[in-house]
Amino acid sequence: MREVEIYTDGACSGNPGPGGWGALLRSGGHERELSGAEPDTTNNRMELTAALRALEALKHPCRVVLHTDSKYLQQGMNGWLGKWKRNGWRTASKKPVRNEDLWRGLDQICARHQVEWRWVQAHAGIEDNERVDQLARAAIDSLGGGNGRATRCAT
C-alpha cells in the first residue's frame with residue numbers, strides 16, 4: 001500500500017467570510033499542492049475541506065499520515081466522529097453536528113484509506129504547515145475579498 005504524507009490548513013477572513021484551504025501531498029519523492037476558496041465560509045469548514053479534498057485526490061487506497069493544526073479536525077476524526085454517527089449525527093448535547101456534510105464526506109473517504117491524524121502546532125516554524133497556510137491565504141486573496149489578514153476563527 002502506498003504511503004502518503006499530507007499537510008492541510010484552512011483560513012478565513014472574518015467569520016463567516018471569505019475562506020481558503022491548502023493541502024500538500026507527498027509520496028515517493030513527488031509532491032502535489034492543492035488549494036481552493038469559498039466566498040462565504042468559516043475556518044472550520046476550510047480545515048475540513050482541505051483534508052477532504054486532499055484525501056479525494058488519492059487515486060488508490062493509501063496509508064496516510066495527515067498533519068493538521070486544527071484540533072477540531074484532529075479530535076473530530078480521532079474521537080467525536082464515531083459518537084456522532086451512533087447518535088444520529090447529534091452532539092452529546094443533542095444538537096445537530098455542525099459541518100455534517102463535510103464530516104460525512106471525510107468518514108466515507110477514510111473508509112478507503114488508513115489515515116493517521118496528527119496535530120501540529122500552528123505558526124511554529126514547521127515548514128510544510130507554513131506552506132499550506134500560505135496556500136490557504138493565497139486562495140482567499142484570489143477571491144479578491146480577503147483583507148490580507150486571514151485568521152483562524154472558530155466554527
Side-chain angles (χ1 to χ4, degrees), residues 1-81 97-155:
M1 185 176 278
R2 175 174 283 168
E3 295 186 11
V4 180
E5 184 175 36
I6 298 174
Y7 280 81
T8 65
D9 199 16
C12 66
S13 183
N15 192 34
W21 60 270
L24 170 65
L25 292 77
R26 184 179 291 127
S27 179
H30 300 285
E31 289 186 349
R32 181 175 176 196
E33 291 181 346
L34 304 172
S35 63
E38 294 181 19
D40 188 31
T41 190
T42 65
N43 189 74
N44 280 346
R45 284 194 67 80
M46 293 294 88
E47 296 282 3
L48 298 176
T49 299
L52 180 59
R53 297 296 174 254
L55 292 168
E56 287 174 341
L58 301 175
K59 294 181 178 19
H60 305 284
C62 298
R63 198 171 10 252
V64 178
V65 176
L66 193 145
H67 305 268
T68 177
D69 60 17
S70 169
K71 287 199 176 213
Y72 175 69
L73 171 60
Q74 190 259 345
Q75 290 175 346
M77 293 307 296
N78 282 341
W80 303 335
L81 187 66
V97 171
R98 288 186 183 185
N99 305 310
E100 178 184 339
D101 58 329
L102 297 172
W103 288 115
R104 283 181 181 266
L106 284 164
D107 183 43
Q108 184 176 11
I109 196 74
C110 284
R112 203 172 167 223
H113 305 288
Q114 295 175 9
V115 183
E116 178 183 340
W117 299 89
R118 289 190 187 168
W119 181 79
V120 297
Q121 179 72 42
H123 306 293
I126 300 168
E127 184 178 335
D128 291 331
N129 183 253
E130 298 295 339
R131 185 170 165 188
V132 293
D133 180 64
Q134 290 172 355
L135 288 171
R137 292 169 187 275
I140 294 171
D141 291 344
S142 74
L143 292 173
N147 61 15
R149 296 187 318 259
T151 58
R152 298 182 195 298
C153 39
T155 315

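What you see is a predicted model, and the numbers here were worked out from it, not measured in a lab. By convention here, the first residue in the shown sequence is residue 1. Heavy atoms only: backbone and side chains are in, while hydrogens, waters and symmetry mates are out.
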Separation of [Y] [atom2] from [X] [atom1] (nearest 0.5 Å):
{"X": "Asn44", "Y": "Asn99", "atom1": "CG", "atom2": "CG", "answer": "6.5 Å"}
{"X": "Glu47", "Y": "Thr68", "atom1": "CD", "atom2": "OG1", "answer": "5.0 Å"}
{"X": "Met46", "Y": "Arg53", "atom1": "CE", "atom2": "CZ", "answer": "8.5 Å"}
{"X": "Glu56", "Y": "His113", "atom1": "CD", "atom2": "NE2", "answer": "9.0 Å"}
{"X": "Ser35", "Y": "Gln134", "atom1": "OG", "atom2": "CD", "answer": "12.0 Å"}
{"X": "Met1", "Y": "Gln114", "atom1": "CE", "atom2": "CD", "answer": "4.5 Å"}

Student check: side-chain heavy atoms of [X] and [Y] closer than 4.5 Å:
{"X": "Thr8", "Y": "Val132", "answer": "no"}
{"X": "Ile6", "Y": "Leu55", "answer": "yes"}
{"X": "Glu130", "Y": "His123", "answer": "yes"}
{"X": "Thr41", "Y": "Trp21", "answer": "no"}
{"X": "Pro18", "Y": "Ile140", "answer": "yes"}
{"X": "Leu48", "Y": "Met77", "answer": "no"}

Passes side-chain contact (heavy atoms from CB on, under 4.5 Å), Ile126 versus Tyr7? Steps please.
CA-CA 10 Å; Ile126 300 168; Tyr7 280 81; 4.2 Å; yes

Closer than 3.5 angstrom, by distance alone: can the side chain of Ser27 be matched with the main-chain N or O of Glu3 as a donor-acceptor pair?
yes

Donor-acceptor pair, distance only, cut-off 3.5 Å: does the side chain of Trp119 make one with the backbone of Asp69?
yes

Can you see which heavy atom on [X] is nearest to which on [Y], and at what distance?
{"X": "Val115", "Y": "Cys110", "value": "CG2-SG, 4.0 Å"}
{"X": "Ala37", "Y": "Ala139", "value": "CB-O, 3.3 Å"}
{"X": "Gly22", "Y": "Ala50", "value": "O-CB, 3.7 Å"}

Pair Arg137-Asp133, salt bridge (charged side-chain N to carboxylate O under 4.0 Å, His left out): steps then yes or no
CA-CA 6 Å; Arg137 292 169 187 275; Asp133 180 64; 2.8 Å; yes

List the steps, then state whether side-chain contact (heavy atoms from CB on, under 4.5 Å) holds for Thr49 with Leu102.
CA-CA 7 Å; Thr49 299; Leu102 297 172; 3.7 Å; yes

Can you confirm whether Arg112 is buried at CZ, in the sense that more than 12 heavy atoms of other residues, nucleotides or ligands lie under 6.0 Å from that atom?
yes

Near Glu116 CD, under 6.0 Å, is it more than 12 heavy atoms from other residues, nucleotides or ligands?
yes

Which is it for Arg45 and Asp101 under the side-chain contact (heavy atoms from CB on, under 4.5 Å) test, yes or no, and what are the steps along the way?
CA-CA 10 Å; Arg45 284 194 67 80; Asp101 58 329; 2.9 Å; yes

Checking side-chain contact (heavy atoms from CB on, under 4.5 Å) against Leu25, which of Leu58, Val64, Leu66 comes through?
Leu58

Applying side-chain contact (heavy atoms from CB on, under 4.5 Å), can you list everything that pairs with Pro39, at least two apart in sequence or on another chain?
none

Under the side-chain contact (heavy atoms from CB on, under 4.5 Å) test, which residues partner Glu127, sequence neighbours left out?
none

Between Asn43 and Asn15, does the side-chain contact (heavy atoms from CB on, under 4.5 Å) criterion hold? Intermediate values first, please.
CA-CA 7 Å; Asn43 189 74; Asn15 192 34; 5.6 Å; no

Could you work out, with salt bridge (charged side-chain N to carboxylate O under 4.0 Å, His left out) as the rule, every residue matching Asp40, not counting sequence neighbours?
none

Run the side chain to side chain donor-acceptor pair (under 3.5 Å) test against Glu33 and tell me which residues pass, sequence neighbours left out.
Arg131

Gln75: which residues meet the side chain to side chain donor-acceptor pair (under 3.5 Å) condition with it, sequence neighbours left out?
none

Parallel, tilted or perpendicular: which one describes the rings of Trp103 and Tyr72, with boundaries at 30° and 60°?
perpendicular

So salt bridge (charged side-chain N to carboxylate O under 4.0 Å, His left out) across residues 15-24, not counting sequence neighbours, yields none

